[in-house]
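Encoded as structure tokens, the structure appears first; notes follow it.
Hydrogens, waters and symmetry mates play no part in the numbers below; they use all other heavy atoms, side chains included. Keep in mind that what you see is a predicted model, and the values were worked out from it rather than measured. In what follows, chains carry the letters A, B, and so on, assigned in the order in which the sequence lines appear, proteins first and then strands, with residues in each chain numbered from 1.
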Amino acid sequence: MRLQLIIAGMLVPSAARAQVASVDVRNGLYQDTDHTTINTTVVAAKASPTTDLKVDGHYLVDIITSASVDVISAATTAFHETRHEAAGGVSWHGLSAGYVYSVENDWESHTASADIQQDFNHRFTLSLGGRYVANAVGRAKDPNFHRSLDAYGGDVGLTFVLSPMDLLHLSYTAAYLDGYQASPYRFVTFDKQMLGAPETDPTTRLRHAVTLRWNHHGEGDTALRSHVRVYSDDWGIVSATIGTEWVIGMGAWETGLHVRGYAQNGADFYQASYTQPMRYMTADRELSPFIDGFAGARLGWHHGTASFLKEFRFEIKVDGFGFYFFDFPRLRERAGVIGELALGVSL
Amino acid sequence: MTYFRFLLLALLSASAGCAEVKPWQRELLAQPKMQLDPDPNAALLEQHVYEYREGSTGGYGAGGGGCGCN
């Protein structure tokens with residue numbers, strides 16, 4: 001978001017700066033065939049007290065109900081929990097800093113981040129960022145279970161103005177995780193018996209991701225927004241992501257049609273069922289080989305006014321998705337829908 | 001090293017084709033639909049969906065907050 005603000009500021013010298021504050025609310029409902037429902041609401045606000053100073057923040061709440069195969073295989077019943085997240089950030093002259101706090105009954109985290117952006121002769125923008133996340137991991141109904149997980153991340157990005165109709169962004173992200181990365185609720189199985197031993201994931205993980213994003217303004221009031229990402233880590237996971245959105249403007253209305261595909265192999269130590277205890281073992285399907293696809297549409301509307309409320313806007317968005325797990329016998333396929341409704345106002 | 005080579009190659013390719021676009025030629029680029037993240041709240045929810053359910057993260061700028069997905 002901070003990079004967006006910098007680019008917008010670089011591109012639009014004066015007129016757009018009349019907007020000094022905005023408030024947006026977005027609600028999303030996720031439901032899948034693995035008996036999981038998540039209701040997410042985020043309330044966000046941002047303001048520009050001066051031309052160069054911008055502050056923003058949000059509060060997010062996730063209400064999760066699940067009876068997925070992970071839950072059932074851990075010999076527990078369905079669970080219901082709530083996660084709260086609060087965040088704040090400030091940016092000034094290309095420098096920005098942010099903080100995020102997240103808490104739920106068995107997880108608490110603090111994230112601190114700092115970024116810097118610099119424009120070079122209106123040809124490209126260089127951005128550098130770093131973040132640190134401190135997580136405290138617990139286990140429900142077990143006050144004696146305490147684990148920690150620290151994450152250190154950095155990224156470098158370059159945004160090029162290729163032509164009056166083309167914007168290209170290239171970024172590299174690295175992250176190093178150190179601490180407890182298994183789940184206290186999941187158990188690996190031996191010879192396909194129902195329950196076995198707790199997961200024993202490695203305590204460190206080094207992750208790399210390179211992402212290329214290309215926005216192209218097409219004929220009329222249309223744009224094609226595309227991205228491709230390759231990822232690898234030292235657990236042996238390699239993945240590829242590709243996606244695009246076709247955006248069509250129609251006056252005050254805007255619609256977008258999007259599609260996204262993802263594929264990954266499994267972690268080196270992943271097995272659907274183990275024959276004997278090993279140093280590292282996991283029952284995490286997100287560490288197994290699988291593919292997924294998302295597709296959907298959104299419809300937005302905005303209306304400017306001459307009053308102190310400068311703009312009203314809303315958006316409705318619907319996505320359908322499917323996963324296919326090649327080596328996770330307890331759940332071969334998962335499908336679902338995500339619906340979102342957003343409302344916003346600018347002062 | 002493979003990543004750094006890829007990054008360097010892409011960077012050089014992009015720089016080579018990067019003609020200067022004057023400020024008065026940037027009207028289309030200034031539109032919200034041409035921003036990298038036109039709606040940060042939508043991106044926040046979207047990236048959360050992927051981070052919970054896929055084995056890889058990063059690369060899209062939306063970061064922070066505990067996964068809380070244990």
Nearest non-hydrogen partners of B/Gln35 and A/Asn215, listed with the distance: O-ND2, 3.2 Å
Candidates A/His258, A/Glu340, A/Lys317 - the one meeting side-chain contact (heavy atoms from CB on, under 4.5 Å) with B/Glu46: A/Lys317
Heavy-atom proximity to chain B below 4.5 Å, by part of A/His217: both
For B/Leu29 against A/Met165, the heavy-atom pair lying closest together: CD2-C, 4.0 Å
A/Phe294, part contacting chain B, at a heavy-atom distance under 4.5 Å: side chain
Closest heavy-atom pair and its distance - B/Ser56, A/Arg207: CA-NH2, 3.9 Å
Interface residue of largest heavy-atom contact number with chain B, from A/Ala151, A/Pro164, A/Gly266, under 4.5 Å: A/Pro164
Heavy-atom side-chain contact between B/His48 and A/Asp62 under 4.5 Å: yes
Residue part contacting chain B, namely of A/Gln181, when any heavy atom lies under 4.5 Å: neither
From CG (A/Leu177) to OG1 (B/Thr57), nearest 0.5 Å: 7.5 Å
B/Glu51 side chain reached by A/Glu286 side chain, heavy atoms, under 4.5 Å: no
Engaged part of A/Leu287 at the chain B interface, taking heavy atoms whose separation is under 4.5 Å: neither
Salt-bridge present (A/Arg213, B/Asp37; N to O < 4.0 Å): yes
Working for side-chain contact (heavy atoms from CB on, under 4.5 Å), residues A/Val247 and B/Met34: CA-CA 9 Å; A/Val247 185; B/Met34 289 295 289; over 6 Å; no
Minimum-distance pair of heavy atoms, taken over all atoms of A/Arg225 and B/Lys33: NH1-O, 2.9 Å
Interatomic spacing from CG in B/Leu45 to CG in A/Asp319 - rounded to 0.5 Å: 11.0 Å
Top of A/His110, A/Glu245, A/His216 for chain B proximity - count of heavy-atom pairs under 4.5 angstrom: A/His216
Winner by heavy-atom pair count (cut-off under 4.5 Å) against chain B, out of A/Asp221, A/Leu60, A/Asp155: A/Asp221
Sub-4.5 Å side-chain heavy-atom contact between B/Tyr50 and A/Asp292: no
Minimum side-chain heavy-atom gap A/Val161-B/Gln25 below 4.5 Å: no
Smallest separation among heavy atoms of B/Asn41 and A/Asp24, with atom names: ND2-CB, 3.4 Å
Check ion pair B/Glu54-A/Arg260 (N to O, under 4.0 angstrom): yes
Engaged part of A/Ile338 at the chain B interface, taking heavy atoms whose separation is under 4.5 Å: side chain
Engaged part of A/Ala223 at the chain B interface, taking heavy atoms whose separation is under 4.5 Å: both
Segment of A/Arg334 engaging chain B (4.5 angstrom heavy-atom cut-off): side chain
Under 4.5 Å from a heavy atom of chain B, the part of A/Arg205 involved: side chain
Structural part of A/Thr222 lying under 4.5 Å from a heavy atom of chain B: backbone
Side chains of B/Val21 and A/Leu162 in contact at under 4.5 Å (non-hydrogen atoms): no
Candidate pair B/Arg53 and A/Phe321, rule side-chain contact (heavy atoms from CB on, under 4.5 Å), full reasoning: CA-CA 12 Å; B/Arg53 291 163 189 84; A/Phe321 63 85; 5.6 Å; no
Part of A/Tyr132 lying under 4.5 Å from any heavy atom of chain B: neither
Side chain, backbone, both or neither of A/Leu224 within contact of chain B (heavy atoms, under 4.5 Å): neither
Residues A/Glu85, B/Leu44; criterion side-chain contact (heavy atoms from CB on, under 4.5 Å); working and verdict: CA-CA 12 Å; A/Glu85 178 180 300; B/Leu44 179 70; 4.3 Å; yes
